[in-house]
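Accompanying notes for the structure given below.
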There are 2 protein chains.
Amino acid sequence: MGRIKTNNNASRKDIILQKAAILFKEKGFKAASMRELAEVVGVEAASLYNHIKSKNELLHEICFSVANKYNEKLEQIESMDASALKKIEELLRFHIISMVQNFDEVFVSDREWKYLTDPYLSNFQTQRRTYRKRFAAIIEDGIKKKEIKKIDATTAVLIMLHAISGIESWHRSKQKISGAELEENMITILVGGLKK
Amino acid sequence: MGRIKTNNNASRKDIILQKAAILFKEKGFKAASMRELAEVVGVEAASLYNHIKSKNELLHEICFSVANKYNEKLEQIESMDASALKKIEELLRFHIISMVQNFDEVFVSDREWKYLTDPYLSNFQTQRRTYRKRFAAIIEDGIKKKEIKKIDATTAVLIMLHAISGIESWHRSKQKISGAELEENMITILVGGLKK
DNA sequence: AAAATACACTAACAAACGTTTGCTTAAAAG
DNA sequence: CTTTTAAGCAAACGTTTGTTAGTGTATTTT
């Protein structure tokens, strides 16, 4: 068949990871086969194993790559000197932009993580729980400072994060508004729903 | 092993459907096997086929059962004599309550429909698209009547529906607020985000 | 009580799966 | 140019998958 073409500084493994994210997004992790992935990459299935250890490795590299980016951003925002509402807006914008620009891997991380195997599965779940608690803490801080309505912070986090994962529908839709417009609309509704 | 126990007026097929919804929700449609389903039902895998035609039949019965309920409710709400905001609130409450009470089948319909096969798949997608358009029309009506902020109605629908599917996290969480509290919080944030 | 139906079982099927082995060839390093 | 390494291939492996066929046994109907 010929070799996998490598662009710039992307290794062959990077190419496989990128194609895997697209495939897992479209078919779901369990339904996507290594033979399908191989075809998309332009190679026989067996050849993939010169670059990766297993199908599961692909999934957990995708999931943790996304999780790490979110954790870094959260850390940065927590140390910002700004109002709670401003922090939430900043975090939401980051989520929205990630979802718009890195749709494949973000979607997979969001929807297919349950097929991770231990110890990655437990690790991921713990990180996820922690992330949400820290997000909720920012909201609770905003309630204490009377910037935000008296609501259950956990529920608010749940709404925000899942609303963002709805950008999936925006991606699939035909006549769509621009990414920037989408971002503004989402911020208006979501932050507007919190404001006192 | 002995026969499948039938409660009240539930047929053996109903029992299988109910257990299938739980299994598909937990493992995902593709990852759930007929042998696992059989074990949960308390029977050998082959015996399931005395009651059902195929694994796919289970999925599409679950998906369309849910879709039908939503369509009926939407129809009823459209013919109500009330403000747009009130209609939206009513529809959201219905979604939230369904998600809380019939979690298994609603979740499966929401997340696993892509494994439907044609003609069911196309049919389902069309119904889904239509449903969202009609929901968006209510929002647009509210904007015209100045009850609702000037926002993109399609984006608002996307946020609402996906926020609701986030009740999944509420189900999985340990220390959770009551279903009624959850409902009030969600309405506050979501409807609050629309109000002018 | 006899006949018919409903339902469960064991055994097996063909297909698809992730992955390994052993070999060949193209590219990189010396 | 020669050697070494990287990366491709075909073939096969042991499982698991959804499903069917054939048979026996309860339950229901007559």
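All chains are named by letter (A, B, ...) in the order of the sequence lines, taking the proteins before the strands, and each is independently numbered beginning at 1. Keep in mind that what you see is a predicted model, and the values were worked out from it rather than measured.
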| request: Could you walk me through whether A:R132 and A:T154 pass the side chain to side chain donor-acceptor pair (under 3.5 Å) test, one step at a time? | output: CA-CA 8 Å; A:R132 290 179 181 195; A:T154 308; over 6 Å; no
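When each of A:I4 and B:S33 is assigned the nucleotide of DNA chain D with its nearest heavy atom, A:I4 is the one assigned upstream, toward the 5' end.
In summary, the side chains of B:S47 and B:N50 do not present any donor paired with an acceptor at a separation below 3.5 Å, with no hydrogens or angles considered.
A continuous path of Ile, Leu, Val, Met, Phe, Trp and Tyr side chains, each step under 4.5 Å between heavy atoms, connects B:V191 with A:L194, placing both in one hydrophobic cluster.
If you take CG of A:L59 and P of C:dG18, they are 13 Å apart, rounded to a whole angstrom. Between the C1' atom of D:dG18 and the CZ atom of B:F24 lies a distance of 12 Å, rounded to the nearest Å. A straight line from NZ of B:K55 to C1' of C:dA15 spans 15 Å, rounded to a whole angstrom. Protein atom CD of A:E44 is 15 Å distant from nucleotide atom P of D:dA12, rounded to whole Å. A:I16 has its CD1 atom 13 Å from the P atom of C:dT19, to the nearest Å. Taking atom CG of A:L23 as the reference point, atom P of C:dG18 lies 10 Å away to the nearest angstrom. B:R35 places its CZ atom 11 Å from the P atom of D:dT19, with the value rounded to the nearest Å. B:M34 places its CE atom 17 Å from the C1' atom of C:dC13, with the value rounded to the nearest Å.
Using bins of under 30°, 30° to 60° and over 60° for the plane-to-plane angle, the ring pair A:F124/A:F64 lands in the perpendicular bin.
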N/O-N/O pairs, protein side and nucleotides 20-28 of chain D side, under 3.5 Å:
none

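When heavy atoms are screened at a 4.0 angstrom cut-off, B:R12 is found touching the sugar-phosphate backbone but no base atom. Contacts of B:A32 with the nucleic acid, taken as non-hydrogen atoms under 4.0 Å apart, involve only primed sugar atoms and P, OP1 or OP2. A:A38 comes within contact range of no nucleotide atom at all, as no heavy-atom separation falls under 4.0 Å.
Under the side chain to side chain contact (heavy atoms under 4.5 Å, CB included) criterion, A:E112 pairs with A:F29, A:L59, A:V108, A:Y115, B:K114, sequence neighbours left out. Take A:K27 and apply the side-chain hydrogen bond (donor to acceptor under 3.5 Å, both in side chains) test, not counting sequence neighbours, and it matches A:E36.
Cation-pi geometry between B:R128 and B:F135 is not satisfied (NZ or CZ under 6.0 Å from the ring centre, within 45° of the ring normal).
Between B:S47 and C:dC9 there is a side-chain N or O to OP1 or OP2 distance below 4.0 Å. Residue A:H51 places no side-chain N or O under 4.0 Å from the OP1 or OP2 atom of D:dA6.
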